[in-house]
Amino acid sequence: MGYRVAVVGATGAVGREILKTLAERGFPADEVVALASGRSAGAEVSYGEDRVLKVRDLERFDFAGTHLGLFSPGAAVSAVHAPRAAAAGCLVIDNTSQFRMEPGVPLVVPEVNPQHLARRPKRGIIANPNCSTIQMVVALKPLHDIAKVRRIVVATYQSVSGAGKEAMDELWSQTRGIFVNDPPTPEQFTKPIAFNVIPHIDRFMDDGATKEEWKMAVETRKILDPDIQVMATCVRVPVMIGHAEAVHAEFETPITERQAREALRDAPGLTLLDTRDDGGYATPLEIAGEDAVFVSRLRRDPTVPNGLAFWCVADNLRKGAALNAVQIAEELHRNGVLDAA
Ligand SMILES: NC(=O)c1ccc[n+]([C@@H]2O[C@H](COP(=O)([O-])OP(=O)(O)OC[C@H]3O[C@@H](n4cnc5c(N)ncnc54)[C@H](OP(=O)(O)O)[C@@H]3O)[C@@H](O)[C@H]2O)c1
């Protein structure tokens, strides 16, 4: 018997990718229900190549009998409806930031900390990390296993799809506007995004960091190791899909570039693309739609003891959101955890 699966936020950038990923990977679902706000009720979304689902209103949906809920309707909506779904027996995998740092809610990247998926969490909610955190910890895990990461300095180059479907439309319309002499009016971003970069993602916090930067630090500690220090600068760039990161890592014990290269080559979910010649590195444009996290430009950082630097790129809608959530669901299925729903 297959599962009844609800995709919440099904009309959004992440929700659509979740539907695509479930179908592509043949997740054992007997029924998939697409849910969004009342505004979208009755609209149609694709589920795989040949199936179309009618969107239903989340507010009116009863989760009883639904085994799995894949949520991406924004934090405020998840705050209300994820606990409601969990109370009805539906196991929730939530893509929003709402529950990530709450005790009792596992924050999981299957290549890094799958041990949290062996049993149903008490609250019935599992959190999917932030997209920029996911790709960084996938790349760091094999290195951490060799020499223990102690400190990270990272600068991100994050695509507009990380801010949702309306942000993608804004980059498109501003880019077009420049050629037809129609000045950009920022709505989704604080400044024009076309032909620009913006060092500001999510809101400012008291210490001058943005919440996106804070998330990278606290989530990395929750997933990988509570002793890792992370200093992040998160930047929005005029790219549609795919986040890139320049990562500088300091380790507790020595690690050679060769050891790192070998570990990365063998690591799950990771592709080392690093030939040190023209084009011998990954860029967002060419890896959009791919599952792997790509690591390039790996080199020693001679300015600190035990330092390495690398460039890391992944599709934020896929590994950064939908694929990671579906991998969590697959692991729960393998462990028999969904059957208990
Ligand atoms: N984009 C990424 O790379 C990424 C990565 C990781 C996590 N996330 C997180 O995932 C969430 C969604 O991101 P997104 O990029 O998919 O945003 P999006 O494209 O703006 O989509 C938002 C989705 O939420 C639905 N929604 C909004 N208000 C709702 C309500 N009151 N009730 C039910 N559904 C409602 C929307 O439905 P309507 O069409 O009906 O409005 C839409 O389906 C955010 O919390 C984001 O932080 C995003």
Side-chain angles (χ1 to χ4, degrees), residues 6-21 33-46 53-61 63 69-82 84-85 92-100 107-109 126-137 156-172 187-189 201-203 210-212 214-216 219 234 236-237 239-245 284 288-289 293 313-328:
V7 177
V8 183
T11 54
V14 173
R16 285 175 191 272
E17 196 67 32
I18 289 176
L19 287 167
K20 189 172 155 207
T21 310
V33 185
L35 301 169
S37 75
R39 296 180 294 273
S40 310
E44 292 185 337
V45 286
S46 300
L53 306 176
K54 272 229 175 340
V55 176
R56 295 166 63 178
D57 183 356
L58 170 66
E59 288 279 350
R60 295 160 176 268
F61 185 72
F63 282 90
L70 294 156
F71 274 61
S72 60
V77 179
S78 278
V80 175
H81 293 279
R84 179 171 78 80
V92 172
I93 302 173
D94 184 44
N95 275 281
T96 77
S97 58
Q98 183 61 31
F99 302 100
R100 289 179 190 150
L107 183 65
V108 180
V109 178
I126 295 167
N128 210 50
N130 182 262
C131 37
S132 19
T133 308
I134 292 178
Q135 66 183 73
M136 187 169 82
V137 295
T156 70
Y157 305 71
Q158 296 181 225
S159 68
V160 294
S161 58
K165 59 186 177 193
E166 286 174 9
M168 297 170 83
D169 292 344
E170 183 153 314
L171 172 59
W172 176 245
E187 282 171 16
Q188 301 298 315
F189 301 108
I201 300 180
D202 211 329
R203 65 181 169 79
T210 63
K211 188 143 186 230
E212 185 83 354
W214 173 84
K215 285 179 207 164
M216 285 192 82
E219 292 182 18
C234 293
R236 191 71 73 190
V237 297
V239 166
M240 275 295 172
I241 295 175
H243 290 356
E245 296 173 350
V293 171
V313 194
D315 182 328
N316 53 291
L317 296 177
R318 235 175 138 78
K319 184 57 189 167
L323 174 65
N324 198 72
V326 173
Q327 286 174 316
I328 290 174

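All heavy atoms count here, side chains included; hydrogens, waters and symmetry mates do not. Worth saying up front: this structure is predicted, and the values here are computed from it rather than measured. We count ligands from 1, going down the list as the structure has it; atoms in each ligand are counted the same way.
A donor-acceptor pair under 3.5 Å links the side-chain atoms of Asn128 to the main chain of Ala321, judged by distance alone. Gln135 contributes a side-chain N or O that, together with a main-chain N or O of His243, makes up a donor-acceptor pair within less than 3.5 Å. At distances below 3.5 Å, not a single donor-acceptor pair connects side-chain atoms of Thr21 with backbone N or O atoms of Leu323.
Using a 4.5 Å heavy-atom threshold, the side chains of Gln158 and Glu245 count as separate.
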Please determine whether side-chain contact (heavy atoms from CB on, under 4.5 Å) holds for the pair Phe71 and Val77, giving the CA-CA distance in whole Å, both sets of side-chain angles, and the decisive distance to 0.1 Å.
CA-CA 9 Å; Phe71 274 61; Val77 179; over 6 Å; no
Put together the list of close N/O pairs, under 3.5 Å, between ligand 1 and the protein, could you?
residue  : atom   : partner : partner atom : Å
ligand 1 : 1 (N)  : Ser161  : O            : 2.8
ligand 1 : 3 (O)  : Asn316  : ND2          : 3.0
ligand 1 : 16 (O) : Ala13   : N            : 3.2
ligand 1 : 16 (O) : Val14   : N            : 2.9
ligand 1 : 19 (O) : Ala13   : N            : 2.9
ligand 1 : 19 (O) : Lys165  : N            : 2.9
ligand 1 : 34 (N) : Ser37   : N            : 3.2
ligand 1 : 37 (O) : Thr11   : OG1          : 3.1
ligand 1 : 39 (O) : Thr11   : OG1          : 2.5
ligand 1 : 39 (O) : Ser40   : OG           : 3.0
ligand 1 : 39 (O) : Lys165  : NZ           : 2.8
ligand 1 : 40 (O) : Ser37   : N            : 3.1
ligand 1 : 40 (O) : Ser37   : OG           : 2.5
ligand 1 : 40 (O) : Ser40   : OG           : 2.4
ligand 1 : 41 (O) : Arg39   : NH2          : 2.8
ligand 1 : 43 (O) : Gly9    : O            : 3.0
ligand 1 : 43 (O) : Thr11   : N            : 3.2
ligand 1 : 43 (O) : Thr11   : OG1          : 2.6
ligand 1 : 43 (O) : Gly12   : N            : 3.0

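Side chains of Thr96 and Gln98: no donor on one and acceptor on the other come within 3.5 Å.
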